[in-house]
There are 2 protein chains.
Amino acid sequence: MPDQSERRADLAAMLHPLFQALLAAERRILARHEISMWGYSVLSALDGQPARSQAALAQSIGADKTRIIGTLDELQDAGYIIREPDPADRRVHLLSVTDAGQRKCRAAQADIRAAEEALLAELTPAQRRTFLDVLTTFADLPLDDILRA
Amino acid sequence: MPDQSERRADLAAMLHPLFQALLAAERRILARHEISMWGYSVLSALDGQPARSQAALAQSIGADKTRIIGTLDELQDAGYIIREPDPADRRVHLLSVTDAGQRKCRAAQADIRAAEEALLAELTPAQRRTFLDVLTTFADLPLDDILRA
DNA sequence: GCCTATCATATGCGCCTGCTTATGAATTGT
DNA sequence: ACAATTCATAAGCAGGCGCATATGATAGGC
């Protein structure tokens, strides 16, 4: 299948500059919105989702559950999230996003989306669709297992 | 152009798991080959290229020129690279890869390539080609400028 | 000739992260 | 009832990284 004469860099090497550039852009945008990257990750993950425990949220966004506490405190202080005791288990705080939090998240997201669209506009429509499809495909795969085989 | 009803995650969020998985795989493979990631990056960058100064090399692979010294020392001690004074400028050491270094690099690269092919095999041939084309396209673009506009 | 800049090198500082340990409270399992 | 586990929380350790500073030697510019 793959052409043996195909010369290409390692995938990680190819992805690295793209990923770093996207992160840098995101940092700039989030700084303008005065919200941290972890804060934005939390709000994004909570947006439109049922309330969840802190541990579940941390796991879902790849955050360290012990270090995310500070971020959650800040978000709560800013009025962007609510922590409520779980009636089913008194150890647990359930997190949900407030209206203000949702507005903050979506405003930042709109700017990030605009920056991304500028980038995607460099592609043909077919390339764009395929690129996004591929990323979606990969998102549903057990990447570590496949790469370990 | 982009469908306003299109729901998708931020590009960085979509790329993050893929990128992390690729890095993790690379780490495992390089550990087996007993070479560090920066060591591999150096060898890859030098492979098949004319000799270059340490500063130029560090810049080209995104390494900190002060911290790459240790890696260069190790590679030199292992016989994988040569440092030679530049006759045109006595401040400069020119780096080149040895035959042993090239073999080491290409052996590791073959394993990385195999792992990547397992992943790319999850795509259709058209998806695979387009995905790689897109990454190549992005590699040639001033990403920061585009994302900043 | 003198000043400025650059190279390789060593090292410091601050930040972030992965991982760990510990605590008190609460829950689960036997 | 008791032991083990889990939740949120705080904090420690080690490693990596971005960035900065400093040094001696060398090169370039005026």
Side-chain angles (χ1 to χ4, degrees), chain A residues 12-13 16-17 19-28 30-31 35-42 45-46 51-77 81-96 144, chain B residues 12-13 16-17 19-21 23-28 30-31 35-42 45-46 50-77 81-96 144:
Chain A
H16 180 264
F19 187 62
Q20 295 307 130
L22 287 166
L23 285 188
E26 191 168 315
R27 259 185 233 110
R28 285 192 297 271
L30 294 180
I35 182 170
S36 69
M37 283 196 74
W38 280 121
Y40 174 69
S41 289
V42 168
L46 292 178
R52 303 140 81 182
S53 73
Q54 289 179 200
L57 174 85
Q59 164 130 56
S60 76
I61 65 173
D64 181 320
K65 70 187 174 187
T66 70
R67 295 207 187 279
I68 204 73
I69 306 292
T71 296
L72 296 179
D73 290 343
E74 284 162 19
L75 291 175
Q76 185 172 11
D77 291 345
I81 62 168
I82 293 176
R83 275 170 167 134
E84 286 166 313
D86 181 353
D89 184 343
R90 284 191 299 176
R91 296 171 298 185
V92 172
H93 297 172
L94 293 176
L95 299 176
S96 49
D144 286 328
Chain B
H16 180 262
F19 186 63
Q20 295 306 130
L23 285 187
E26 191 168 314
R27 259 186 232 108
R28 285 192 297 269
L30 294 180
I35 181 169
S36 69
M37 283 195 74
W38 279 120
Y40 174 68
S41 290
V42 168
L46 292 177
R52 302 140 79 184
S53 73
Q54 290 178 200
L57 175 85
Q59 163 130 55
S60 75
I61 65 173
D64 181 319
K65 70 188 176 188
T66 71
R67 296 206 187 281
I68 204 73
I69 306 291
T71 296
L72 296 179
D73 290 343
E74 283 162 20
L75 291 175
Q76 183 172 14
D77 291 345
I81 63 168
I82 292 176
R83 275 170 167 134
E84 286 168 313
D86 181 352
D89 183 342
R90 284 191 299 176
R91 294 171 301 184
V92 173
H93 297 172
L94 294 176
L95 300 175
S96 48
D144 286 328

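Reckoned from all heavy atoms, side chains included, excluding hydrogens, waters and symmetry mates. Below, chains carry the letters A, B, ... as their sequence lines are ordered, and counting in each starts from 1.
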**Student:** Looking at A/L94 and A/S53, what are the two nearest heavy atoms and their distance?
**Tutor:** CD2-N, 3.8 Å
**Student:** Return the set of residues passing side-chain contact (heavy atoms from CB on, under 4.5 Å) with A/Q59 (not counting sequence neighbours), or none when no residue passes.
**Tutor:** none
**Student:** Just how far, in rounded Å, is C1' of D/dG18 from CD1 of B/I68?
**Tutor:** 14 Å
**Student:** Under 4.0 Å between a side-chain N or O of B/R83 and OP1 or OP2 of C/dC7?
**Tutor:** no
**Student:** If you look at every heavy atom in B/I68 and B/A58, which pair is closest and at what distance?
**Tutor:** CG2-CB, 4.4 Å
**Student:** According to side-chain contact (heavy atoms from CB on, under 4.5 Å), who are the partners of A/I82, at least two apart in sequence or on a separate chain?
**Tutor:** A/E84, A/S96, A/T98
**Student:** Quick one: B/R52 CZ to C/dA8 C1', roughly how many Å, whole number?
**Tutor:** 17 Å
**Student:** Does anything in residues 52-74 of chain B pair up under salt bridge (Lys or Arg N to Asp or Glu O under 4.0 Å), and if so which pairs, sequence neighbours excluded?
**Tutor:** B/D73-B/R83
**Student:** Applying salt bridge (Lys or Arg N to Asp or Glu O under 4.0 Å), can you list everything that pairs with A/D89, at least two apart in sequence or on another chain?
**Tutor:** A/R91
**Student:** Please report, rounded to the nearest Å, how far the P atom of D/dA11 is from the CD1 atom of A/I69.
**Tutor:** 12 Å
**Student:** Over how many whole Å does the gap from A/L95 atom CG to D/dT9 atom C1' extend?
**Tutor:** 14 Å
**Student:** From CD of B/Q20 over to C1' of C/dC16, roughly how many Å is that when rounded to an integer?
**Tutor:** 14 Å
**Student:** Take the protein atom CE of A/M37 and the nucleotide atom P of C/dC15, then report the distance between them rounded to whole Å.
**Tutor:** 18 Å
**Student:** To the nearest Å, give me how far apart CD1 (A/I61) and C1' (C/dT17) are.
**Tutor:** 14 Å
**Student:** What string of B, S and - do you get for nucleotides 19-30 of chain D, 5' to 3', when a contact is any protein heavy atom under 4.0 Å?
**Tutor:** BB----BBS---
**Student:** Apply ring-ring contact (aromatic ring centres under 6.0 Å, His included) to A/H16 and list each qualifying residue two or more places apart in sequence or on a separate chain.
**Tutor:** B/F19
**Student:** With a 4.0 Å cutoff (strictly under), does any side-chain N or O of B/W38 reach OP1 or OP2 of D/dG16?
**Tutor:** no
**Student:** What integer distance in Å separates A/H93:NE2 from D/dT6:C1'?
**Tutor:** 13 Å
**Student:** Please compare A/D73 and A/V92 by the position of their nearest nucleotide in DNA chain D and report the one closer to 5'.
**Tutor:** A/V92
